[in-house]
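A short write-up of the structure that comes next.
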Amino acid sequence: MSSDEIPTLNRAQREACERLDGALLVVAGAGTGKTRVIEERTARLLERGVAPERVLLMTFTRKAAAEMLERAALRHPLARRVDGGTFHHVAFRIVARNFRALGLSGPPTVIDTDDAANAVAAAIQRLGLQRDRRRRLPRKGALQAAFSRATNLRAPLADVVARDLPDFADEVETLQRVRRAWSEYKLERGYVDYDDVLVMAAKLLGLPEVRDRVAAAWSHVLVDEYQDVNAWQADIATALAAPHGNLMVVGDPKQSIYGFRGARHEKIVGFADDVPGAAVVHLTDNYRSTQAILDVANAVMAQMASRIDRPLRAAARPGGERPRLTVVEDERAVADLVADALQERLGDPGALGGHAVLVRNAYLSVPLQGELLRRKIPFAVFGGLRFTEAAHVKDVLAGLRILHNGFDELAWLRLLQLLDGVGETTAARWFADFSDPDALAATGDGGPLARARRRGEQVASGKTRAGLQELIAALDRAERAVSVAESYDQLLAWYLPVLSRRHPHEPYRQQDLAFFRVVVERYADLGALLADLALDPETTRQAVHAGAPDAAEGLRPVTISTIHSAKGLEWDHVVLVGVDDRTLPSPWAVRRAARDGDEGELEEEKRLLYVAVTRARERLDVVHALFGRQGLQRLSRFLEDPGVQATLDVATSARATFADEGGATLERGGLLAALAGDEDG
DNA sequence: TACATGAGGCTTTTT
DNA sequence: GCCTCATGTA
């Protein structure tokens with residue numbers, strides 16, 4: 001938020017800042033200074049004498065919270081100490097401190113989606129279902145997704161299965177059994193996935209005595225991006241504020257883009273009804289963008305089926321350059337065009353950081369990344385595959401997880417299977433031996449690692465023996481290490497040869513692991529590191545290292561981001577690429593609308609475009625490639641809309657030509673005709 | 001029991 | 001087109 005550009009608070013902002021007590025809903029359009037309001041209101045609470053630790057600020061990414069508090073600190077020095085974090089962080093703290101009330105024997109381990117799916121596979125195996133050839137099951141990932149969706153929407157599994165896994169509609173009872181076995185498996189092993197964290201916290205807060213004890217820590221609760229909360233998160237927020245009623249939520253229903261994750265933008269629309277006595281403030285003056293950019297946003301908004309608000313009005317930047325829609329030949333040409341534009345800014349230190357390239361799907365930026373690498377233009381990537389999801393990072397993390405919790409089965413299985421000659425069965429058998437509770441009690445081994453150290457010789461035979469012993473020796477050295485970083489080094493010393501054997505031609509993996517050490521170094525406590533990595537991949541993204549390492553120093557990199565990850569951010573110049581009708585809207589949303597008559601997802605895709613457009617301050621470029629992976633592609637229906645077209649300057653690159661069936665080449669006029677045509681393949 | 005091979009299903013966005 | 005799972009083979 002460009003708070004520095006708002007000279008004074010306007011009337012609505014002032015009202016929102018001054019209402020320090022009670023329930024308050026702030027409906028803030030894009031760029032209307034809601035962040036400024038949160039900062040200012042926080043400062044006023046501190047001025048009034050509220051201790052910073054008593055203020056809780058919840059958002060969806062920790063970075064957003066940290067930046068907000070950093071800026072608030074300019075107004076009040078104590079703001080940096082305000083208690084802030086993501087919903088998942090706060091929920092995890094609550095769960096970890098109250099694990100006994102949940103019947104757990106210790107604080108749980110957070111697992112990511114991938115391991116949650118692995119746990120589904122383990123549950124299926126335990127039920128003996130995988131041997132049954134007559135009844136096939138969905139893949140583990142599809143099952144995990146269905147279970148997650150049911151949890152997030154608080155919907156019956158049957159509904160989700162009917163919608164997402166229609167082939168298995170007759171098997172709902174079996175799937176239900178898998179879901180129960182899966183939950184039991186996770187509970188037994190002390191694993192919590194992202195959904196469990198929220199559900200457990202909400203359940204705990206449903207116990208009045210726990211709620212009052214936990215909630216007593218804070219006197220004021222502030223929630224940003226409330227349009228993206230799901231039912232569990234809304235419950236957590238209201239429970240934490242229940243004792244005092246000081247709950248401020250801020251959001252914009254038109255920017256709700258997490259419906260797939262169970263976000264319920266009705267929660268913000270209905271907030272005033274759910275919370276009696278809540279005051280409502282609307283922020284409508286936009287301080288971020290030029291009017292020319294807002295004209296595009298307004299034209300997109302006009303296509304929305306519901307809640308057509310008053311158009312955004314540029315309060316600080318009237319006029320402005322008209323956004324441009326450029327049509328080029330293909331992906332390659334898109335990458336060239338963008339790279340050309342960025343290269344011009346290379347001579348202008350600091351300017352590069354003012355640019356962002358936004359995409360609907362993470363993989364769409366791959367050709368551009370290649371081109372920027374080639375030209376040594378530094379960039380940072382947000383969204384898509386996260387660093388900790390890369391196989392090589394997960395391998396080393398598995399070692400750290402074992403040090404943290406010797407009973408971490410998924411981590412053991414992962415590491416053991418890296419050994420030559422060891423597959424699923426052997427790994428499972430070894431782990432069963434190492435973790436056998438009776439044997440552990442009988443022999444006095446402290447845990448699986450200690451037992452593995454003694455048993456290594458006996459369980460393994462022949463060629464696998466040496467491999468197992470090397471692994472155990474490495475874990476042993478890592479365990480004795482005096483710091484987390486040293487443990488990491490010990491594991492790495494063992495792992496790097498394994499890595500070069502498995503991926504001999506991918507040196508980037510080693511670079512990743514070297515880069516990752518910088519993250520590891522920051523932690524003195526292994527448990528904190530692992531919890532943060534699972535809950536907050538944001539801070540450990542595959543980031544600048546992807547850019548040219550030998551680029552001139554001090555250049556702030558260009559941002560490449562998914563639209564989702566760009567939420568809440570802004571840049572002087574935004575380039576939106578991948579705007580064909582098979583990308584934005586996504587084919588799933590289109591299919592859902594055509595088949596089930598459910599326009600909900602299509603509406604969300606419109607909001608996605610709205611979010612993308614409103615990230616730009618001064619200049620907006622939309623680049624469309626005529627040819628994609630599936631041949632000729634039409635421009636997004638949302639951009640073809642006459643209202644939107646009227647706000648854009650349309651340009652066609654001279655290179656954008658294509659051959660029709662007869663081999664003739666069309667240019668300009670022909671291209672535009674093709675854009676408007678209804679043939680899409 | 002590890003690994004190769006083939007068939008089939010699913011393909012996005014994030015904590 | 002890619003990943004996952006199941007079956008066949010050494």
Side-chain angles (χ1 to χ4, degrees), chain A residues 58-64 85-92 110-114 116-118 120-121 124-125 129-133 136-143 145 148-149 151-152 164-168 192-198 225 228-230 232-233 256-263 358-364 382-386 388-389 391 417 419-429 461-464 531-539 541 561-567 578 582-592 601 604-605 607-608 611-612 629-630:
Chain A
M58 288 194 286
T59 60
F60 282 81
T61 66
R62 197 143 69 145
K63 195 166 131 237
T86 64
F87 275 95
H88 280 85
H89 263 100
V90 173
F92 181 68
V110 185
I111 56 174
D112 63 13
T113 304
D114 209 33
N118 290 335
V120 170
I124 289 172
Q125 190 156 27
L129 286 173
Q130 89 283 12
R131 299 227 174 87
D132 192 340
R133 243 165 293 143
R136 304 176 61 116
L137 291 171
R139 293 180 183 181
K140 61 183 181 182
L143 270 178
S148 175
R149 188 174 170 84
T151 301
N152 279 293
D164 295 340
L165 302 166
D167 292 351
F168 300 92
V192 287
D193 64 25
Y194 295 133
D195 303 329
D196 296 330
V197 171
L198 295 181
E225 310 282 12
D228 287 322
V229 296
N230 66 25
W232 300 103
Q233 290 163 326
S256 172
I257 54 176
Y258 283 96
F260 68 91
R261 189 178 73 180
L358 303 186
V359 287
R360 170 66 178 86
N361 305 334
Y363 66 80
L364 291 172
F382 294 90
L385 244 199
R386 269 167 294 281
T388 49
E389 285 166 9
Q417 286 179 65
L419 303 176
D420 274 338
V422 179
E424 218 175 306
T425 318
T426 306
R429 211 180 47 225
S461 61
K463 59 178 183 172
T464 58
D532 273 7
L533 288 176
L535 290 169
D536 191 23
E538 186 76 29
T539 56
R541 279 179 191 283
S561 174
T562 59
I563 299 173
H564 282 89
S565 296
K567 192 181 65 164
R582 270 185 300 245
T583 301
L584 187 71
S586 84
W588 293 273
V590 174
R591 188 153 19 103
R592 185 88 55 205
E601 291 179 34
E604 184 152 311
E605 300 287 314
R607 295 194 292 268
L608 211 44
V611 168
R629 292 161 195 219
Q630 296 167 65

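Residue numbers begin at 1 in each chain, while the letters A, B, ... track the order of the sequences.
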Margin query: Heavy atoms from C-beta onward define the side chain here; which of B:dT1, B:dT15, B:dT12 lies closest to that of A:T86?
Written below: B:dT15
Notebook entry, point to check: When you measure from the side chain of A:F260, which nucleotide among B:dC10, B:dT15, B:dT13 comes out closest?
Noted result: B:dT13
Is the distance from OP1 or OP2 of [N] to the nearest side-chain N or O of [X] less than 4.0 Å?
X	N	result
A:S586	B:dT13	no
A:T425	B:dA2	yes
A:S565	B:dT14	yes

Notebook entry, point to check: A:D195 or A:P138: which one's nearest nucleotide on DNA chain B is closer to the 5' end?
Noted result: A:P138
Checklist line | Residue whose closest nucleotide on DNA chain B lies nearer the 5' end, A:W588 versus A:D420 | finding: A:D420
Quick one: [X] [atom1] to [N] [atom2], roughly how many Å, whole number?
X	N	atom1	atom2	result
A:F382	B:dT12	CZ	P	22 Å
A:D164	B:dG9	CG	P	17 Å
A:L137	C:dC5	CG	C1'	11 Å
A:Y363	C:dC2	OH	C1'	13 Å
A:K140	C:dA6	NZ	P	11 Å
A:E604	B:dT14	CD	P	12 Å
A:L143	B:dG9	CG	C1'	13 Å
A:N118	C:dC3	CG	P	16 Å

Tell me whether the side-chain N or O atoms of [X] pair up with the base of [N] as donor and acceptor below 3.5 Å, since no angle test is needed here.
X	N	value
A:T113	B:dT15	yes
A:R139	B:dC10	no
A:R261	B:dT15	no

Notebook entry, point to check: Using a cut-off of 4.0 Å on non-hydrogen atoms, how would the nucleic acid contact of A:A589 be classed: base, sugar-phosphate, or nothing?
Noted result: nothing
Next item on the list: Select base, sugar-phosphate, or nothing to describe what A:R607 touches, counting heavy atoms under 4.0 Å on all strands.
Entry: nothing
Next item on the list: Could you tell me whether A:D195 and A:R261 have a side-chain N and a carboxylate O separated by less than 4.0 Å?
Entry: no
Note to self: Would you measure the distance from the C1' atom in B:dT12 across to the matching atom in C:dC5 and give it in whole Å?
What the structure shows: 23 Å
Notebook entry, point to check: Quantified in whole Å, what is the P atom distance between nucleotide B:dT13 and nucleotide C:dT4?
Noted result: 15 Å
Notebook entry, point to check: Where the side chain of A:D196 meets the backbone of A:D193, is there a donor-acceptor pair that is under 3.5 Å apart?
Noted result: yes
Notebook entry, point to check: Does any N or O in the side chain of A:Q233 come within less than 3.5 Å of the main-chain N or O of A:F87, such that one atom is a donor and the other an acceptor?
Noted result: no
Checklist line | Stems where DNA chain C pairs, listed by first number, each of three or more Watson-Crick or G-U pairs under 3.5 Å | finding: B:1-9 with C:2-10
Notebook entry, point to check: Ring stacking, A:F60 with base of B:dT15, under 5.5 Å and under 30°?
Noted result: no
Approximate separation, where rounding is to 0.5 Å, of [X] [atom1] and [Y] [atom2]:
X	Y	atom1	atom2	result
A:R139	A:L165	CZ	CG	11.5 Å
A:Q417	A:T426	CD	OG1	8.5 Å
A:H88	A:L535	NE2	CG	7.5 Å
A:S586	A:L608	OG	CG	9.0 Å

Check: Do the ring planes of A:H564 and A:Y258 sit parallel (below 30°), tilted (30 to 60°) or perpendicular (above 60°)?
Finding: perpendicular
